[in-house]
Number of protein chains: 2
Amino acid sequence: METAGANNPESLLKIENFLCFAIYSTANAVTRAYQPRLAALGLTYPQYLAMVVLWEEENQTVKAIGDKLSLDSGTLTPLLKRLETAGLITRRRDTVDERQVLIGLTAEGRAMRDKAESVPVAMGKAFGCTMDEAKGLRSELITMRDNLVESIEGAK
Amino acid sequence: METAGANNPESLLKIENFLCFAIYSTANAVTRAYQPRLAALGLTYPQYLAMVVLWEEENQTVKAIGDKLSLDSGTLTPLLKRLETAGLITRRRDTVDERQVLIGLTAEGRAMRDKAESVPVAMGKAFGCTMDEAKGLRSELITMRDNLVESIEGAK
DNA sequence: GCCTATTAAATTGCACACAATTGAATTGTG
DNA sequence: CACAATTCAATTGTGTGCAATTTAATAGGC
């Protein structure tokens, strides 16, 4: 049978043919591609994502930000502390529900939104695909991500 | 203008509409989805990828593995040392070119290939898409990843 | 053949991710 | 109202990713 074995270019045993690896290596490449542009703003890629969420809406809880980014407090707490140290955000306990911490923007953090506007534009070119292709790919990925999340929940 | 602003569900200012975030959050979901199955083998997801590369071909250099996984020695050296400690791989200096370290499989590492066979099968179901959809998505991602890598190289 | 440039792996330092646990505040139930 | 269950953020510990540097070995140019 000629179509079997790892030597076959279509083999499912070769790492390049793994869908999961395509996702993994693309995600790493995305982070590396954003890095030089974000470094100019003093942000890492996950920090940039957190800022985008806060530019959408100020004064969100750590939980709300975590839900939007699919990150837990173990990741977000130190990340947000670094953004606070950088003078971009504020962190204060909610006086109504003291379990929660509300994250707000400083004037500097709010002002960064304008400076960051060029980032998605430049990155759009780096991705090298049309808006329609990007939209299609995005929705396919989200469908699959939600399937994966469901399979994780289902296993509990 | 009704189509502008972050309130528009199509807005490019909302995190859920970012292609980069779709890739990022899907990659995280992939790692989390693999985790329970790989934990049964005592592997993390990146360790699993390294093992897949070694099951393809034994006695590769750290560099060769890094090229295939797009990882550098800063990531691979400690990862491979953990696999060595776990008794799955061997690490030895190439006697011909002593700069290189050759990574081989132990009997245990080779035997794990069979036990790991069920992983991609089970994960295929978790992804919740057909083989053809997976193939299409994979090739689109790889194209984009290569575009991104090119844009990184070009910026140097 | 000598010396410089390049290459390979390891090391260092920083910032994620995430599982698991902790501690404090709030909710739900009888 | 008491009190167990839940929720939220923080903490702890492990394992990546990656930039930058270091060390050692090889390759290349003259």
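Below, chains carry the letters A, B, ... as their sequence lines are ordered, and counting in each starts from 1.
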Could you state the [atom1]-[atom2] distance from [X] to [N], rounded to the nearest angstrom?
X     : N      : atom1 : atom2 : result
A:E98 : C:dT27 : CD    : C1'   : 16 Å
A:L69 : D:dA9  : CG    : P     : 14 Å
A:L38 : D:dC18 : CG    : C1'   : 15 Å
B:L43 : D:dT14 : CG    : P     : 18 Å
B:D72 : C:dT11 : CG    : C1'   : 12 Å
B:N28 : D:dG17 : CG    : P     : 10 Å
B:L71 : D:dA19 : CG    : P     : 11 Å
B:Q60 : C:dA9  : CD    : P     : 11 Å

When we call it a touch if two heavy atoms are under 4.0 Å apart, what does [X] touch: a base, just sugar-phosphate, or nothing?
X     : value
A:L79 : sugar-phosphate
B:R82 : base
A:T44 : sugar-phosphate
A:T31 : nothing
A:S25 : nothing
B:Q47 : sugar-phosphate

[N], OP1 or OP2 - any side-chain N/O from [X] closer than 4.0 Å?
X     : N      : answer
A:K63 : D:dA10 : no
A:R91 : D:dA10 : yes
B:T75 : D:dG17 : no
A:Y45 : C:dA15 : no

Minimum-distance nucleotide to [X] side chain [options: [options]]:
X     : options                : value
B:R32 : C:dA19, D:dG17, C:dT26 : C:dA19
B:D97 : D:dT26, D:dA10, D:dG17 : D:dT26
A:R99 : C:dA8, C:dT27, C:dA17  : C:dT27

I'd like to check [X] versus [Y] (side-chain heavy atoms, cut-off strictly below 4.5 Å). Are they in contact?
X     : Y     : value
A:L71 : B:N28 : yes
A:L83 : A:L43 : yes
B:V30 : A:Y24 : no

Let's test your reading of the model: under 3.5 Å, does the base of C:dA10 pair with the side chain of B:S73 as donor and acceptor? yes

Over 12 foreign heavy atoms within 6.0 Å of CD, B:E58: yes

Closer than 3.5 angstrom, by distance alone: can the side chain of B:R93 be matched with the main-chain N or O of B:R99 as a donor-acceptor pair? yes

For the pair B:Y34 and B:F127, name the ring-plane relationship: parallel under 30°, tilted 30 to 60°, perpendicular over 60°. perpendicular

Pairing partner of C:dG30 (Watson-Crick or G-U wobble, both distances under 3.5 Å): D:dC1

Ranking A:L76 and A:A27 by the position along DNA chain D of their nearest nucleotide, the one closer to 5' is A:L76

Starting at the 5' end of DNA chain C, which residue's closest nucleotide do you reach first, A:D94 or A:S70? A:S70

Toward the 5' end of DNA chain C, which comes first, A:P46 or B:R93, by nearest nucleotide? B:R93

